Amino acid sequence: MQPIMASQWEEFYASHLPPPDFEDNRTLLKEFCARQSKVGQRIVLITSGGTTVPLEHNTVRFVDNFSAGMRGAASAEYFLEHGYSVIFMHRLKSLEPFTRHFSGQKFMDMLDLQITEQDTSITVKPDSVDVLAPVLLNYKAAQETGRILYVNFTTVADYFWLLRAACECLATLGPKAMLYLAAAVSDFYVPSNEMPTHKIQSGAVPNISLQLVPKLLSPVVNLWVPHAFVVSFKLETDENILLSKARDSLNKYKHKLVIGNILQTRRQRVVFVMSDDSYEVTLTREQMINGIEIEEHIVTNIINHHTQYMSVHKF
Ligand code: PAZ
């Protein structure tokens, strides 16, 4: 009898341990999905931010990428506004829904400090109330209704373990589950058995050999959540290949939708690629000046496709 060959993604799991907080996150994911499923909620799993590739087991140095997590964090807010429950699976310390509006010094600049002999108080500056209030209102609504779960990853291996665990929980929701894979996942990694244990010394130029990270879309679509509405993102820097790369990905993995974007223009233009159609979603200059975010339009468009998908795919 021929031995059964493990696929590349199976080998990746076999050679990378789960992160230390994995079992806790798995429990949180299970409980969250069970609660949302009980009340008939639609759930979107949003992946957001970049993964790191450690160069040492005791990691001092790692390979990273540009992703700030803006796409995922902004989209999470719009999905919540449309009544979805959200699993926000993000890179630790990348942008998060709601707090993203006040990153850096912005939050401090919104506050006034009054110190008297009797007491100390902090108030929101009058001209900042209009900015803070709507965000705070939406944040509190999401928290109080328990419609958002935050889980985080750092390395590409953490991402792998969390994604599979999230899919296991989402599978029970059938077509009501959506995957919105906006994270910028590393394409290359240093195999565990080729990685030094300790910090690479600075005396000599290291010779680092990278391997291809297996693509998870195949098990996601075929094994883990075969009934879910799966949306992936494709980032390129060369406009000439964007559409063909997006279409290649759709043809290969047979999921529902690929959203293509170009690094420099990703905040104002994306292209939706489906099996039978493709179209652009863009912001005008005026919309950008008025603070409209492209994620608002991306999310509205996707929800229309998801609703249509659910109407023909009963579970
Ligand atoms: O995180 P961000 O807002 O800075 O950028 C978003 C993005 C470009 C990472 C996302 O839209 C995307 O294309 N993600 C997939 C990248 C890829 O693997 O091709």
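Residue indices begin at 1 and follow the sequence shown. In listed order, ligands and their atoms are each counted from 1. Because the structure is a prediction, the values reported are computed rather than measured.
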Less than 4.0 angstrom from a charged side-chain N to a carboxylate O is my criterion; do Arg100 and Glu293 meet it?
yes

Going by the ring-ring contact (aromatic ring centres under 6.0 Å, His included) test, name the single residue among Phe22, Phe160, Tyr189 that passes it with His16.
Tyr189

Using a plain distance cutoff, I'd like to know if Met70 has any nitrogen or oxygen under 3.5 Å from a nitrogen or oxygen of ligand 1.
yes

Check Asp119, Thr123, Thr120 against Gln114 for a side-chain hydrogen bond (donor to acceptor under 3.5 Å, both in side chains) and give me the one that passes.
Thr123

Would you call Asp64-Arg91 a salt bridge at under 4.0 Å N-O?
yes

Those atoms of ligand 1 less than 4.0 Å from some heavy atom in Phe233:
11 (O), 12 (C), 13 (O), 14 (N), 15 (C), 17 (C), 19 (O)

Do any N/O atoms on Gly69 end up under 3.5 angstrom from N/O atoms on ligand 1?
yes

Could you tell me whether Leu235 approaches ligand 1 through its side chain, its backbone, both or neither, with non-hydrogen atoms closer than 4.0 Å?
both

Answer yes or no: is there an ion pair linking Lys234 with Asp248, defined by an N-O contact shorter than 4.0 Å?
no

Ligand 1 contact on Ala183 by region, counting heavy-atom pairs under 4.0 Å
backbone

May I ask you to check if ligand 1 and Lys234 share an N or O to N or O distance below 3.5 Å?
no

Does Arg267 come within less than 4.0 angstrom of ligand 1, counting non-hydrogen atoms of the residue?
yes

At what distance is the nearest protein heavy atom to atom 10 (C) of ligand 1, and which residue and atom is it?
Ala182 O, 3.5 Å

The answer for which part of Arg266 has a heavy atom under 4.0 Å from ligand 1 is side chain

Please list the nearest protein heavy atom to atom 11 (O) of ligand 1 with its residue and the distance rounded to 0.1 Å.
Asn261 OD1, 2.7 Å

Salt bridge or not for Glu295 and Arg266, using N-O below 4.0 Å?
no

